[in-house]
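In what follows, a structure is listed as structure tokens, so that the remarks can point back to it.
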Amino acid sequence: MVTKAQPGGRASSAPLLGNGTEPTIFEMSVAGRTAYQLRSTHVPATPLHDLVPAAHLNEQVVPLAEVSERDLVAHFTRLSHRQFAVDLGAYPLGSCTMKYNPKFCDAVAADPGLNSVHPGAPAALTQGWIRLMVDLEEKLCEVTGMAAATLQPAAGAAGELTGLLLMRAYHEARGDVRKRIIIPDSAHGTNPASVTLGGYEVTTIPSDDRGLVDLEALKSVLGPDVAGIMLTNPNTVGLFEEEITEIAAAVHDVGGLLYYDGANLNAILGVVRPGDMGFDIVHMNLHKTFATPHGGGGPGAGPVAVAARLAEYLPGPKATKLADGTYGWVKPASSIGRVHGWHGNAMVLARALAYIDVHGGDGLTRVAQHAVLNANWLRQRLSAVLPAAYDRPCMHECVLTASGFKHDHSVKALDLAKRLMEKGFHAPTVYFPLIVDEALMFEPTETESLQTLEAMAQALEEIAIEAATTPDLVRNAPTATPVSRVDEARAARQLIPTEDAAQR
Ligand SMILES: *Cc1c(COP(=O)(O)O)cnc(C)c1O
């Protein structure tokens, strides 16, 4: 049942927080209502036909919601209170690095000198912006040990596709047609998806019982048709690939390239660099490692950095310091072309540079050290309740298993995660990586205090007792949140785009 919101107040049957139905903005719409009031200027309005050429004029009325500004703000404020956000509490969603985003980065991005510039403005008028991008590119290369970078890709997955297109361009320039990309079975789903989009075939290799790449299995699938391998290090079970130099040598020996999925860069910032491990191409998720807004918070950015031999293929035009000392846009010699409109998600780039500059090299190293310390603290603290899938020190995240709960109490990883939300923490990542039964992947990040980690561990200990004594409480959780259990299959298959709401 949907209740209309009362103008100036909250939805009649919806408490401010918690359960209750919030109407859609279209259901709140009243014909003729507007969100502004302007004084009359007595200047006759120019007919639309005089302003817009007839060919571009849409005669059809666009079904937009008509609400007052007050109702509009109340609606979205109510909705915002139904979310869990990085600003509200610990968000240990493994592999996503949901760290707190410092507000000074937003202050930088709010500078009108940056955010009022049109991306199409000529280089002569946007020297500061181009210099910012050159500066960011150099710093990202320093962090990763690479020679050059593109800032265009909009996210990690877009960076992966860009990296694969770079691999293809590199091999094809040598008249070398290669077909396969190797991926470990613990990889993130975007890796094989990007390989397919990039026109390559996936060869999967198993992890060994340490949770690491099985070097012998890797060697057995290498050959002259292998374009490269995609890896993240630390890998997706949060463990450092100890044989990374041997892996790199084996792939390079057959003429393949190494792609570094930088999603886990937070673990190694300022400590070790992908370039020094032997990687040729790296993507970074600025919205993970460099604390720019993530997910619903806005667009991301997935810059790709490469070794010198791949620089000529990078997307362009690229922000460049020219010979005369000014800044401009240059297309690399054998560029694969654009992978994003304009220059990428620029305000994200500005925030990331602010984050890097304020931390400095030693600050970034401390970020990694504290991220790793926090994850190991949590792994150790929870070991009696939720054992680690691989019993050894982890990097910035720990993968625990709830298979004992499933076996003893028919309580699954999903149930534990849902119940944790009711105790005031965001859920960890569940059922990833796929190779761990009933996986719960916690990435506390460096921004959580010892007190917060302790409170989260205590909440999980309480849930463990509940699972044994009142398992239905855990199986049916959450009941105290605005939305309880949803039918996840139906949610994915029967999409109702909001635009339709106006017609319903
Ligand atoms: C997040 C993530 C990606 C994809 O990055 P997006 O920025 O979400 O597109 C790829 N690999 C791993 C391991 C990740 O955690």
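Just so you know, ligand 1 is whichever comes first in the structure, and atom 1 is the first atom listed for that ligand.
- For ligand 1, the 4.0 Å heavy-atom shell takes in S95, A155, G156, A157, E160, H188, T190, D261, A263, N285, H287, K288, ordered by chain and residue number.
- Sorted by first and then second residue, the side chain to side chain donor-acceptor pair (under 3.5 Å) pairs involving residues 385-394 (not counting sequence neighbours) are E242-R392.
- At least one cation-pi condition fails for R178 and Y200: the charged atom is not both under 6.0 angstrom from the six-membered ring centre and inside a 45 degree cone around its axis.
- Qualifying ring-ring contact (aromatic ring centres under 6.0 Å, His included) partners for Y355, counting only residues two or more places apart in sequence or in other chains: H359.
- Seen from the ring of F76, R78 does not count as a face-on cation partner, given the 6.0 Å and 45° thresholds.
- Rounded to the nearest 0.5 angstrom, R180 CZ and D225 CG are separated by 4.0 Å.
- Evaluation of the ring-ring contact (aromatic ring centres under 6.0 Å, His included) rule for H396 yields no partner, not counting sequence neighbours.
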